[in-house]
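Structure, as structure tokens:
The figures that follow rest on heavy atoms only: side chains count, while hydrogens, waters and symmetry mates do not. Nothing fancy with the numbering, it's 1 onward along the sequence.
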Amino acid sequence: MSEIDSDPAASGLARLDAIRLRLVESIETEPVVELASGAVRRATTAMCALGDVDCSTMDAAELRGWLESVEELRRSIEATAVAAAGAVDRRNPFRGQGFFSAKT
């Protein structure tokens, strides 16, 4: 396991760096829909790569670290979905189909 994985402060700093990078990247002039589409394509490619990992060859410590990373990604994706659901509730893009919130 790397030093960053075992040190909560370093892990927090890594997260802050990732947020800062996203904020800096958001200043770009590329339309948001293109940024979102590109992010989804890259995430899909990454998820396919994760699916190809043969975790049966990992020892217990490696498997634990890998699974913790996968769980962190899952939670990040879930948070993104929750944020998108909030946008659905505000903008009602599916009203024409009879859906009035992200819950219905």
First locate atom [atom1] of [X], then atom [atom2] of [Y], and finally report the distance between them rounded to the nearest 0.5 Å.
| X | Y | atom1 | atom2 | result |
| --- | --- | --- | --- | --- |
| R74 | S69 | CZ | OG | 13.5 Å |
| L67 | M58 | CG | CE | 7.5 Å |
| S76 | E71 | OG | CD | 9.5 Å |

Shortest non-hydrogen contact from P93 toward V88: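 Looking at all heavy atoms of both residues, the closest pair is CD-O, 3.6 Å.
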E62 to T57 - nearest heavy-atom pair and separation: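 Of all heavy-atom pairs spanning E62 and T57, the closest is OE1-O, 4.5 Å.
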Main-chain N/O of G65 paired with E68 side-chain donor or acceptor, under 3.5 Å: no
Test item: R91 side-chain N/O and A87 main-chain N/O as donor-acceptor pair under 3.5 Å: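 No: the side chain of R91 does not pair with the backbone of A87.
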Greater than 12 external heavy atoms within 6.0 Å of R95's CZ: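 Yes, enclosed.
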Side chains of M47 and T44 in contact at under 4.5 Å (non-hydrogen atoms): no
Side chain to side chain, V82 and E78, heavy atoms closer than 4.5 Å: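 With C-beta onward as the side chain, the pair touches.
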